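Since we're looking at a predicted model, the values are computed, not measured.
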Amino acid sequence: MESPNLEATIPENQKASTEVETAQSTTLLERENIEDDEVLDKLQGDRIGDTMYSERFVLTTILKLPQLEGMLAEDEDFEKDLCSLWDMTIEKDVVLFLLKHDVIELFVGLSEASEDNRLVEILFGIVGNMCCVEETHRVLYENKTLLVSMCGFLASSDTLILVQLMRILTTILERSDDEEYFWFKVIREVEDITEKLGFILASTTNRELVEHTLDTVHAMVNRFTEAEVDYAQLNEFYRMFAKTCLIDGLMEGFKQIYPETTADNQFEEDFLTSRDLKTIQKFLEIHENFIVNANEVYEDQIDKIVYCVYRVLVPMSAEGCLIPLSKTHVRILVCINSIYSAIVYHFHAGTFLSMLKIYTILAKEQESLQNVDQQQQQAMEEENDENDTEFEIQTALGEILETLYFMAEPMSSTIIANTLKASSFSEETIQRLCAALKETMTGDPLLGRTCELLLESARVAWKIEDENRS
C-alpha cells in the first residue's frame, strides 16, 4: 500500500498561505540576524580591548568628575559608577585606555582641589590598581610632580586615603625596573617624608594602615639601598631616613599590631599566622638595615629593639608555630642574628631562653629528618622541594648558634647561671649546645672560653637548684 501524498491533501489556498508565512518567517529571521550583527558590531566597537567593558561608560564617568557638585555621597549613582570603574582597573586594557586619556593628571588635580575624602580615596584607589601596569610607572616617572603631589596627602588624617597612597608607593617601588626608574630622585622631593611616615606609624590605631605603611618603608629601604645602590645616594638616603622619629614610629606601630596582654607581656595572640610572620620579617629587616648601616640612630633605642625581638621570639618558640619551618622563619632568625651582632654586649634573659628553646626544637627536627630511611627521605624531598626543609633547618640552626654565642660571650657565668636556673633546660642541653658551637664557630679565638663559660654557668645553675631542693 502506497503512502498517502500529504501535500496533495492540503487545499490550494492553505498551501499558498503556508508558503507566504514561510517566506515571511525567513525574511524576519534574516532581519533579526542582521540587527543582532549590528548590535554586536556596536558592542564590539564600544568594547575596551579584549574586555567586555564599555568605552562610553568609562568616558562618561570620567567626564562627569569635573562637573561634580557637592559631596560624592550625595550622588549615590555616580559613586557606584566610580566604584565600578575602580573594579574595572584590574584589567590591563582598561588601564591603558585610561592612560590614553591622561586620567592620572585629572585625578591628582581633582584630589588636590577637593575636600571630599571619599572621592579622593576612590581616585587614589583607581591609581593604585593602575600601578600594577608598567605603563603607569612610566607616566608617573616622566611627570614626577604627579607622585610628589599625591605624597602631599601623607599629611592627611583620613586612614582610607593613606592606605591607598601607601599601596601606590609600595607597588611602584617593588615592581618598577630598577635600571630604568630611579624613584629616589622623586621621593627625595617630598617634603618631610620621613617625619610624616614616622608620625603615621606612631599615631594610627588602624592595623591595615600600619601594615601598609610598614610595607612602604620596607620597599623604600630595599629599593634605595639595594636596587638603586650608589654610594652618594646611600649617604643621602641614610641622612633622610635614619632618624629617631621613624624608629620611634616603627616601635609604636609594632606595638599597635601586636599589643601586650597583662600576663608576662606576651602577644595578645598565642599563634603567629603566616601574615604575622611576613609582617615581623619586614619590621626586622628594616631595623636590621638601619642598625647595621646607621647604628647611631639606635643610641637610645637598644632596649626597645631588644624587647621587640624578645616579644617576637616568645610565640615563635612554640613548636606549633615553628614547625614546619619556612623561609620566613629563617629570614627572621637571620635578622635577629644581624641585630645582635651589631648591638654587641647586650644580654636579654628572655631572648636567650627563647633562642635556646628554638634551638632544641630545630635540632630535634633535624635529627628526625636524618633518621628517616632513604625511601621516606626521597618522598619527603619531593614533597618539600620548594622549601628544602633540611637546608632551611641547617641554616636556621647556624643563625641561632651565632646569636646565642654573641649574647653569651661577654657575659659573666653568674648572669647566665641565673637565667638557666629559671628555665626547664638541663645540663645536657648546654653540653649539646657547646658541641654544636664548637662545630659552627670553629676558628673563633674566644670559642673555647665561651663554651667553658656556658658549661660553668650550667653547673652553677643546677647545683644551686639541687641545694634549694634539699
Atom CD of Glu367: over 12 foreign heavy atoms under 6.0 Å: yes
Polar contact flag, side-chain donor to acceptor under 3.5 angstrom, Ser274-Asp276: no
Test: Lys243 cationic atom under 6.0 Å from Phe241 six-membered ring centre, within 45° of axis: no
Geometric class of the Phe124/Phe153 ring pair [parallel <30°, tilted 30-60°, perpendicular >60°]: perpendicular
Whether Phe352 and Phe347 hold their rings parallel, tilted or perpendicular, with breakpoints at 30° and 60°: tilted
Spatial distance of atom CG (Asp87) from atom CG (Leu82) [nearest 0.5 Å]: 11.0 Å
Audit row: Arg118, Glu79, salt bridge (Lys or Arg N to Asp or Glu O under 4.0 Å) steps and yes/no: CA-CA 9 Å; Arg118 175 58 174 162; Glu79 182 177 4; 2.8 Å; yes
Interatomic spacing from CG in Leu313 to CD1 in Ile358 - rounded to 0.5 Å: 5.0 Å
Aromatic plane relationship, Tyr307 with Tyr310 - under 30° parallel, 30 to 60° tilted, over 60° perpendicular: tilted
Donor-acceptor under 3.5 Å (Thr204 side chain, Leu209 main chain): no
Ring geometry between Phe237 and Phe290 (parallel below 30°, tilted from 30 to 60°, perpendicular above 60°): parallel
Polar side-chain atom of Thr89 near backbone of Trp86 as donor-acceptor pair, under 3.5 Å: yes
Partner of Ser338 by side chain to side chain donor-acceptor pair (under 3.5 Å), out of His287, Glu399, Glu288: Glu288
Sidechain-backbone polar pair: Ser423 side chain, Leu420 backbone, donor-acceptor under 3.5 Å: yes
Thr136 side-chain N/O to Cys132 backbone N/O, donor-acceptor pair under 3.5 Å: no
